[in-house]
Each structure stands twice: as structure tokens, then as C-alpha cells.
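Single-structure report; data block below.
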Amino acid sequence: MRITKCIFIVILGFLALPPAVIARIESTNTTAVEAVSGKSLDSGTVVIPNIPGVPKIFLPDIGIAGDFAFERNNLFKTDPRYVSEQPRIRDGQVVFFSPIDPYTNAQFTIDLPENGQANIEEAWLYFNKLPGNTSVRLGRFLPRFGLLDLMNTFQLPMLDRPNAIGNYLSPDGLISTGVEFNAYIPNPWDWNLKLNMNAVRGDTFQGPSDTTDLAYLATVDYSQDLFTSGSMESGVSLAQGPSPFGRSETLVEPYLQLQFAPTQRKIWTWSAEGMLAQRRGLGSEDDKNGFYTFLDYNFALRYHVGFLVDVADQAMAPYGKQLGLAPNATWFVSDNTRLRLQYTHNTPLGGQRPEERVSLQATFSIGNLKQMD
């Protein structure tokens, strides 16, 4: 008890000291610490206050997404197109994103396939306030190419990417490592014209991994409002780079999307994209092309019906054309969960049999998975 009283009296006595005395004591203690360590406290050996406007701790937003499917098809197990009819995880992702400061954003995405190793899908810095209303992205990212390439598989309005573009950009879309430049194109008509350019690694188009050549992509995009309650987006994407055949290839992809919303609960969206490809190395049939169109009707807030028509040349062989038809119905159980039923029919290629497939897809996302532009 006496010890407690003594401690209490000492504390009260210290608090009662004049400020000048307290300052002299603190100064003496600081000098003593510096004398013992041989270093000044201002030498950088201690943590200093953070820079104004920059967080003291790393607290990124975290997003998680999953894509599940249960399918039935008419293919034999020996058919290279056959996919197991057991329920499967089509894809999984973990996304970390955060502003570094008012001028820079960052994102890091880990892809978690069911059969395969986890890999880094995206890891980039985005400088969003450069002179001339421009921006630059550096690292590994999903480049802009057409309407669908910025979408992950679980975000698509149909089950899979149409063959017309998936055969050339890969079923998962493009993923590249390099630099991206974005800018507004000044024009006398004040149109909303945007330019996107990329210089990326040479294996972007499934070319050889040991190439030292770069691939180049560019997109010019135009958008405007229509019908007081609708919108239009159109543009063209161009790319040139090493092909899977060890030579160069050139891709041209024009696109158009129209949206009409007579009410907030009834929205029509029509999308169309073409693919014009010159794939050197296929002999006399270097020129390839494809086209798809997709009509989506959001008729009751969370309910969609859609229909896909997909026409594509055989991308990896000298000849052959395939027609795909795929109606679907989608129910958004909530903003972040979705169920989809889709029937897919693909006409045969060569000696293959026609493909008939019924798919039940379920997707979910936790967190905001949109890119931080």
C-alpha cells in the first residue's frame, strides 16, 4: 500500500512541474540516448511520421471471385473438346487493389484455376493524372482490345468467349506484360474519342515464349448517348505481334454496342464484333475472319435472356468454319451472385461431330472487382 501511495505521489508531482522543467528533462533524456547509441534520432534509424495524404498502413480492398459450372454434353471422352461433366470450378481469383496516393493506383490479382498452378494474372501501377489528361499503366494487366477483353470469364454476358475472338485471343482473353497509354483525342466536334495503346511482351498472342519481339495494340473508341435513354459505343482495335506459328500476325477487330432503356427495368443491349486476322504460316489460307453478335434483354431488374450467334474460321488450321448458337437465361440472385442456364450448339469441323451442351453456371464476387481507373 505504501509503495502504491509513493508512486501516486511521484506521478502527481511530475504533472505539477512547470512546462519548462519538463522540456529540460526531455532534452536531457534525448541527449543521453544519442550519446549511448552514437546516432542522432533524426538520422533515419527511427520511423518518421507519414507523408501527408499517404496512408500509414497498407489496407487494400480485397475481392474474391468464383465461377462454377455443371454441364452435360454429347461428346465422347476421346474428343479433344470434351470437358468433364462433373461439377467443376472454372476459375477463381483473389484481387488486391488500393490507391497509393491521389495520382497512382495499384492492383494485384492471383488466378486460382481448379486444374493447374496458381499464377499472377495482374500486377500493375496506374498513373492516372499525367499531363494532357493522359494516363499510363505499367506491369502485367488485361489490355483493352474490343468489347470483352477487359472482362474476366465470370463477368461475361455469355458462358464463354465467342469462338470468333476466343480462337485468336485465347479463351481467357489477353493478358500481357508491358506498358499501356490512354488519352482523349481532341477534335473540333467535341466527340468522346479515346485512344488506348500498348507495347507488350511478344507472347501475348500465344506466340513463342522465348521471342524478343514486342506485340503492339491500339484501340480507338467512340461513345455517345442515344434516344435520351440509351447509348452507343463503337470503335476498332488493331494488333500486330508474333503468332503461334513463329511468324507475325495482324488482328483487326471492329465493334459496336447499342443500348436502349425504355425503363429502368427493361434494357436492351446489342453487341457485335468482327475479327479480321492475317496469320502468316498457314500456307495459302493466311487470312481468317470471324463474327459474333449477342442480344441481351434485361426484362425484370435481375432477369436477363440472351442469344449468341458466333461464326468463326478455324484459327489453327488452313480451312474450316464453325457456326455456334447459344441462347441463355441469367438470374442475378443479388448484385454479386448469379445463376445462368445456357444451351450451346456448335456445328462440326472436319470429321468432328456436332457439339450439344447444356450448362448451369454459378458465379459470385465479394468486394468491388472493377479496375481502379
For atom OH of Tyr103, is the number of surrounding heavy atoms from other residues, nucleotides or ligands below 6.0 Å larger than 12? no
Quick check: closest heavy atoms across Trp270 and Leu256, and the distance to 0.1 Å? CZ3-CD2, 3.6 Å
Within the distance-only criterion (no hydrogens, no angle test), does the side chain of Asp310 pair as donor or acceptor with the backbone N or O of Ala164 below 3.5 angstrom? yes
Tell me if the OH atom of Tyr82 is crowded by more than 12 foreign heavy atoms within 6.0 Å. yes
If you measure only the distance, is there a donor-acceptor pair under 3.5 Å linking the side chains of Gln342 and Thr344? yes
Looking at Gly92 and Asp111, what are the two nearest heavy atoms and their distance? O-OD1, 3.3 Å
Quick check against the 3.5 Å criterion: does Asn74 have a side-chain atom that pairs as donor or acceptor with the backbone of Glu356? yes
Would Asn289 and Asp287 count as a side-chain hydrogen bond (donor to acceptor under 3.5 Å, both in side chains) here? Give the steps. CA-CA 7 Å; Asn289 59 75; Asp287 295 332; over 6 Å; no
Does a donor on one side chain sit under 3.5 Å from an acceptor on the other, for Asp296 and Asn298? no
Do Thr269 and Gln259 pair up side chain to side chain, a donor and an acceptor below 3.5 Å, judged on atom types alone? yes
Show the numbers, then the answer: is there a salt bridge (Lys or Arg N to Asp or Glu O under 4.0 Å) between Arg144 and Glu180? CA-CA 9 Å; Arg144 174 68 190 266; Glu180 175 190 74; over 6 Å; no
Under 3.5 Å: donor-acceptor pair, side chain of Glu273, backbone of Leu147: yes
With the 4.5 Å side-chain cut-off for hydrophobic clustering, are Tyr222 and Val252 part of the same group? no
If only atom types and distance count, is the side chain of Asp149 paired as donor or acceptor with the main-chain N or O of Leu174 below 3.5 Å? yes
When you compare the side chains of Gln107 and Thr109, does any donor N or O come within less than 3.5 Å of an acceptor on the partner? yes
Considering only heavy atoms from C-beta outward, does the side chain of Leu308 approach that of Pro162 to under 4.5 Å? yes
Pairing residues for Glu355 by the side-chain hydrogen bond (donor to acceptor under 3.5 Å, both in side chains) criterion, not counting sequence neighbours: Asn346, Arg357
Crowded around Arg88 CZ? As in, over 12 foreign heavy atoms under 6.0 Å? yes
Can you check whether Asn182 reaches Tyr126 side chain to side chain, under 4.5 Å on heavy atoms? yes
Please enumerate all residues that pass side-chain hydrogen bond (donor to acceptor under 3.5 Å, both in side chains) together with Trp191, with sequence neighbours excluded. none
For Asp67, the option from Gln93, Arg90, Arg338 that meets side chain to side chain contact (heavy atoms under 4.5 Å, CB included): Arg90
Are Leu226 and Trp268 connected in the hydrophobic side-chain network, where two residues link if heavy atoms are under 4.5 Å apart? yes
Would you find a donor on one side and an acceptor on the other, under 3.5 Å apart, between the side chain of Thr263 and the backbone of Arg265? yes
Sub-3.5 Å donor-acceptor pair from the side chain of Asn73 to the main-chain atoms of Leu75, do we have one? yes
When clusters are formed by joining ILVMFWY residues with side-chain heavy atoms under 4.5 Å apart, either directly or through shared neighbours, do Phe294 and Leu148 land in the same one? yes
Would you say the side chain of Pro348 lies within less than 4.5 Å of the side chain of Arg353, judging by non-hydrogen atoms? no
Would you confirm whether Thr347, through its side chain, and Leu323, through its main-chain N or O, come within 3.5 Å as a donor-acceptor pair? yes
Is the CG atom of Asn187 crowded by more than 12 outside heavy atoms at less than 6.0 Å? yes
Residue list, side chain to side chain contact (heavy atoms under 4.5 Å, CB included) with Pro244, at least two apart or on another chain: Gln206, Glu249, Arg279, Met316
Can you find a pair of side-chain heavy atoms, one from Leu251 and one from Leu238, that are under 4.5 Å apart? no
Taking Asp101 for the side chain and Thr104 for the main chain, is one N or O donor matched with an acceptor at less than 3.5 Å? yes
Under the 3.5 angstrom rule, does the side chain of Arg302 hit a backbone N or O of Val333 as a donor-acceptor pair? yes
Cluster overlap Val305 with Leu360, hydrophobic side-chain contacts below 4.5 Å: no
Can you tell me how the ring of Phe145 sits relative to the ring of Phe205, calling it parallel under 30°, perpendicular over 60° and tilted otherwise? perpendicular
Parallel, tilted or perpendicular: which one describes the rings of Tyr303 and Trp331, with boundaries at 30° and 60°? parallel
Determine whether a donor-acceptor pair (N or O, by modelled atom type, separation under 3.5 Å) exists between the side chain of Thr337 and the backbone of Ser334. yes
State yes or no: do Leu258 and Leu295 share one hydrophobic cluster built from I, L, V, M, F, W and Y residues joined by side-chain heavy-atom distances below 4.5 Å, directly or via other members? yes
CD1 of Ile120: more than 12 outside heavy atoms within 6.0 angstrom? no
Got Thr219 and Tyr255 here, is their nearest side-chain heavy-atom distance under 4.5 Å? yes
